Engineer: 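For reference, the structure I am asking about is given below.
Source: prediction; values computed, not measured. All values below come from the heavy atoms of this structure, side chains included, with hydrogens, waters and symmetry mates left out.
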Amino acid sequence: QTDHWAAEKITEAFVMEVMLKEAKKDPAQAAIMFDDKTADGFRQVAVLETQGRYGEAAILQGTIEAMAPAPVYCGAGSCGLEAVNLSSNEGKDALALGLKAAHKNELLRDSERPCPSCNKLKIHYDYHGNKACTGCSYRQINGKIERPAQKPKEVVFKKQEKVAA
């Protein structure tokens, strides 16, 4: 039987392997999964391979993979992210705010971090890293933040009484 720590390391190694394969296929995704330096390295590998310099490309790829940041991920809701059913009202509301989801597990609800606009636990994320709040319509789509329009505060005038001097 594998203990908890060994299981985590096995999972981490598997996730890293999958991410590196995807990063090599699409260096633009490497910037999202890892960082810009890793993405630039995978772009250089692609250039070397197109030039037929496979030995240099393999050496560079090994260096990039060794230097790539370790993946950070969570599982089973341990980080407060929970899958949302796309056909539920909650899922439909999140999609209506501009979030994208092609498959059932690509829309997540954050049950730990509140919305920066309304402070409610109604933030949702899509697989592109966009987020939106179904409580107040706050959105961050493709890096652009849209805050909901503020309702004008109602001004109440108090009737002043004359004071005798």
Engineer: Let me check something: do Ile141 and Leu86 share a hydrophobic cluster, defined by ILVMFWY side-chain heavy atoms less than 4.5 Å apart, either directly or through other members?
Structural biologist: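 Yes, Ile141 connects to Leu86 through the hydrophobic network.
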
Engineer: Output all residues satisfying side chain to side chain contact (heavy atoms under 4.5 Å, CB included) with Lys100, sequence neighbours left out; order by chain, then residue number.
Structural biologist: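 In terms of side chain to side chain contact (heavy atoms under 4.5 Å, CB included), with neighbours along the sequence ignored, Lys100 is linked to Asp126, Tyr127, His128.
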
Engineer: List for me each residue that meets side chain to side chain contact (heavy atoms under 4.5 Å, CB included) alongside Ser88, sequence neighbours excluded, and say none if there are none.
Structural biologist: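 Counting only residues at least two positions away or on another chain, Ser88 forms a side chain to side chain contact (heavy atoms under 4.5 Å, CB included) with Val84, Asn85, Glu90.
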
Engineer: Report, as yes or no, whether the 6.0 Å neighbourhood of atom NZ on Lys131 holds more than 12 heavy atoms from other residues, nucleotides or ligands.
Structural biologist: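 Correct, the count exceeds 12.
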
Engineer: Working to the nearest 0.5 Å, report the span between CG of Leu20 and CD of Glu65.
Structural biologist: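 If we round to the nearest 0.5 Å, Leu20:CG and Glu65:CD are 4.5 Å apart.
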
Engineer: Kindly say whether Asn142 contributes a backbone atom to a donor-acceptor pair with the side chain of Asn130 at under 3.5 angstrom?
Structural biologist: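 Confirmed, Asn130 side chain pairs with Asn142 backbone.
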
Engineer: Salt-bridged, Glu49 to Lys24, with N to O below 4.0 Å?
Structural biologist: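 Looking at Lys24 together with Glu49, the answer is yes, because their closest N to O distance falls below 4.0 Å.
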
Engineer: Can you give me the closest heavy-atom contact between Ile123 and Cys115, atom names plus distance?
Structural biologist: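 For Ile123 and Cys115, the tightest heavy-atom pair comes out as CG1-CA, 3.6 Å.
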
Engineer: Do the charged groups of Asp110 and Arg113 touch, with an N to O distance under 4.0 Å?
Structural biologist: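 Looking at Arg113 together with Asp110, the answer is yes, because their closest N to O distance falls below 4.0 Å.
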
Engineer: Quick one: are Cys118 and Tyr138 in side-chain contact, heavy atoms under 4.5 Å?
Structural biologist: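 Answer no - side chains too far apart.
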
Engineer: Compare every heavy atom of Arg43 with every heavy atom of Pro27, then report the nearest pair and how far apart it is.
Structural biologist: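 Scanning both residues, the minimum pair turns out to be CB-CG, 3.5 Å.
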
Engineer: Please say yes or no: joined through hydrophobic side-chain contacts below 4.5 Å, possibly via intermediate residues, are Leu60 and Met16 part of one cluster?
Structural biologist: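 Yes, Leu60 connects to Met16 through the hydrophobic network.
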
Engineer: So Lys25 and Phe42, do their side chains get closer than 4.5 Å, heavy atoms only?
Structural biologist: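 Contact flag for Phe42/Lys25 side chains = no.
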
Engineer: Heavy atoms, side chains only, cut-off 4.5 Å: are Ser117 and Arg147 in contact?
Structural biologist: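 Of all side-chain heavy-atom pairs linking Arg147 with Ser117, at least one is under 4.5 Å.
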
Engineer: Is there side-chain contact between Pro69 and Asp35, with at least one heavy-atom pair below 4.5 Å?
Structural biologist: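 Pro69 reaches Asp35 side chain to side chain.
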
